[in-house]
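Sequence positions, counted from 1, serve as the residue numbers for this chain. Hydrogens, waters and symmetry mates are skipped; everything else that's a heavy atom, side chains included, is used. Worth saying up front: this structure is predicted, and the values here are computed from it rather than measured.
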Amino acid sequence: MMKKILMFAIMAFALIIAGCGDSGDTAEGAENGSSDKKYKMTISNSVEEDSALHKGLMEFKKVAEEKSDGRLQVEVFSNGELYASEREAIEAVQAGNIQAASPATAPLTNFVKEFMALDFLFVFDDVEDANSKLDGELGDLLKEKLEENQLKGIGWGSAGMTQMTNNIKPIEKIEDFKGMKLRTMENNIHLDSLKELGANPQPYAFGELYSALQQNIFDGMQTTAQLIDSSKIYEVQEYMTVMNHSFTAESLVMNKAFYDSLPEDLQSVVDEAGDAFTKHEREVSVEYDEKAMELLEKELKVNVLPDETKKAIIEKLKPVYDKYEKELGHDIMELVRN
C-alpha cells in the first residue's frame, strides 16, 4: 500500500515538474511571438506618385520595414485613392481607421489652430527659411499641439513656395484679383487673404481639381510649381504668376494611440524613418521644383509679381495679419518671424 502511495506521489510530482516546464516554454514562446508581432501601417497621400511627397513616403516605408526586420509593414496609397480630401484623411487618422496620412499643413489648421502661423502670405523668405523653423522650436511646438489632438507628428516635408495660376490674365497688380474664382485649400487665412485681395476663393479637394478647372468651375488656383507639374494642372490653365507668397509645408502624421501601442524599439524605428522621410522628401522637392519651373515656363505664360505689388499686398493684408495674430498669440508669431 505504501509503495502504491509513494508511486502515485512520484508520478504527481513528475507531472507538476512537466507542467512547469511546459509553462516556461509557453511563456518563452509568447515572449518570442510578441517580439515577432507585425504592425500594419496604412498611409493616405492625396497627391500623385510622381511627386516628392510620394517618394518621401516610400523612403519612410523602406527604412521602417528594413530597420524593424519586417515587423512594421507599410502600405502607401497615393493619388487620393483612399481619401480625395486631406481633411477626411486626417479625420480617418484621428479615428484610427488608418494609421497615418501625409497632408499639407494648411488642412491641419482645422484641428490645430497654431498651424495657421505657417500660412500667412509673405511670412517666410524662402524654402530654407521655412524648413529651418520647422526643424526648431516652432516645429516642436506644433508637434506638441498635434498630440493634444490624438495625432503624432512624424516628419515635415516641403512642396516649395506657392505660385498662382489662372485662365484670365497675368496678375500684376492687386486689382487683377478682383472677382477671380480661385481654388484654395481648406484654410481660413488663405480664404480671408484672397477675399481681402478681391478674389472669390473656395476650398476644393486637390484630387478633383483638374476636372474642376477643365469645367471652368474655377478660374485659377494656387499651389507649388511641382504640384502644378505633377498634377498636369498646366494643361487646363493659361497663366502663372511667380509670387512665392506662401510656403507649402507637408506633414506625416500618425494616430497617437497607434504610435503609443508600438514597442519602444519600434517607436524608435518610426522616429528614424520619419527623419529619413523629411530628409529625402526635401531633397527631391528641390529637384522637382527646379525642373517644374523649367517646364511651366514653356507650357504657360509666366510673369513675376512686381515688387511694388508685393509691398501693396502686404499692406492690404495687414488686417488679416492682425486678426489672426490676436487669435494665435504673439509668441508663436515670433517663432515664425525670427
Side-chain angles (χ1 to χ4, degrees), residues 44-48 51 53 78-95 101-121 123 146 149 151 157 159-168 171 177-228 230-233 236-237 240-241 243 245-251 253 313 317 319-321 323-324 327-328:
S44 174
N45 174 33
S46 68
V47 299
E48 297 76 17
S51 65
L53 185 55
S78 293
N79 302 302
E81 184 178 349
L82 295 182
Y83 304 94
S85 162
E86 291 188 318
R87 179 169 183 162
E88 290 177 358
I90 297 165
E91 289 171 344
V93 175
Q94 275 188 318
S102 57
T105 54
L108 283 169
T109 61
N110 297 289
F111 305 85
V112 178
K113 68 178 183 179
E114 285 80 5
F115 274 95
M116 287 193 288
L118 303 177
D119 296 322
F120 289 97
L121 272 60
V123 74
L146 281 172
N149 289 272
L151 296 167
M161 303 302 286
T162 304
Q163 318 304 342
M164 189 79 67
T165 69
N166 77 90
N167 276 329
I168 299 176
I171 296 171
F177 284 100
K178 188 172 182 179
M180 198 176 283
K181 295 179 293 183
L182 296 174
R183 178 269 175 189
T184 187
M185 287 183 280
E186 194 168 353
N187 176 278
N188 289 332
I189 289 182
H190 287 188
L191 290 166
D192 285 357
S193 295
L194 291 171
K195 286 176 184 176
E196 191 71 26
L197 296 176
N200 178 20
Q202 296 292 332
Y204 202 80
F206 189 83
E208 301 168 4
L209 180 57
Y210 184 98
S211 60
L213 290 167
Q214 195 172 39
Q215 297 167 33
N216 296 316
I217 294 173
F218 294 101
D219 299 317
M221 49 82 73
Q222 59 171 5
T223 191
T224 64
Q226 59 186 280
L227 289 180
I228 297 170
S230 64
S231 61
K232 310 297 182 186
I233 292 295
V236 289
Q237 294 279 266
M240 183 177 82
T241 300
M243 290 182 60
H245 56 291
S246 66
F247 172 70
T248 302
E250 308 283 8
S251 66
V253 295
I313 290 174
L317 294 181
V320 178
Y321 299 149
K323 171 186 174 181
Y324 285 101
E327 181 177 346
L328 298 175

Taking all non-hydrogen atoms of both residues, which atom of [X] and which atom of [Y] are closest, and how far apart?
X: L197; Y: F177; value: O-CB, 3.3 Å
X: S251; Y: T105; value: CB-CG2, 4.2 Å
X: A205; Y: A84; value: CB-O, 3.9 Å
X: S193; Y: V320; value: OG-CG1, 3.7 Å

[X] side chain near [Y] side chain, heavy-atom distance below 4.5 Å:
X: Y321; Y: V123; answer: no
X: V253; Y: P103; answer: yes
X: N110; Y: R87; answer: yes
X: T109; Y: N188; answer: no
X: T223; Y: I233; answer: no
X: I90; Y: L151; answer: yes
X: L118; Y: F247; answer: no
X: Q202; Y: T184; answer: no

Got a list of side-chain donor-acceptor pairs under 3.5 Å for residues 160-168, not counting sequence neighbours?
| from | atom 1 | to | atom 2 | distance (Å) |
| --- | --- | --- | --- | --- |
| T162 | OG1 | S246 | O | 3.0 |
| T162 | OG1 | S246 | OG | 2.9 |
| T162 | OG1 | T248 | OG1 | 2.9 |
| Q163 | OE1 | M243 | N | 2.8 |
| Q163 | OE1 | N244 | N | 3.1 |
| Q163 | NE2 | M161 | O | 3.3 |
| Q163 | NE2 | N244 | OD1 | 2.7 |
| T165 | OG1 | Q237 | OE1 | 2.7 |
| N166 | OD1 | I168 | N | 2.6 |
| N166 | OD1 | K169 | N | 2.8 |
| N166 | ND2 | K169 | O | 2.8 |
| N167 | OD1 | E238 | N | 2.9 |
| N167 | ND2 | V236 | O | 3.0 |

Has the side chain of [X] got a donor or acceptor atom that lies under 3.5 Å from a matching backbone atom of [Y]?
X: T224; Y: A159; answer: yes
X: N200; Y: K181; answer: no
X: S51; Y: V47; answer: no

Supply the atom-to-atom distance [X] [atom1] to [Y] [atom2], rounded to the nearest 0.5 angstrom.
X: M240; Y: Q222; atom1: CE; atom2: CD; value: 13.5 Å
X: N79; Y: N45; atom1: CG; atom2: CG; value: 8.0 Å
X: E250; Y: L108; atom1: CD; atom2: CG; value: 10.5 Å
X: L209; Y: I228; atom1: CG; atom2: CD1; value: 10.0 Å
X: R183; Y: L194; atom1: CZ; atom2: CG; value: 11.5 Å
X: E86; Y: M185; atom1: CD; atom2: CE; value: 7.5 Å

Partners of [X] by side-chain hydrogen bond (donor to acceptor under 3.5 Å, both in side chains), sequence neighbours excluded?
X: T241; result: N303
X: D192; result: K323, Y324
X: S44; result: none
X: D119; result: N187

* For K195, enumerate each residue passing the side chain to side chain contact (heavy atoms under 4.5 Å, CB included) test, keeping only those at least two apart in sequence or located in another chain. =>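 Scan of K195 (side chain to side chain contact (heavy atoms under 4.5 Å, CB included), adjacent residues dropped) gives P201.
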* Is there any ring-ring contact (aromatic ring centres under 6.0 Å, His included) pair reaching into residues 183-209, and which pairs are they, with sequence neighbours excluded? ->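 The answer is Y204-F218.
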* To do: Taking salt bridge (Lys or Arg N to Asp or Glu O under 4.0 Å) as the test, write out the residues that go with E81, two or more places apart.
  =>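 With neighbours one apart ignored, the set is empty.
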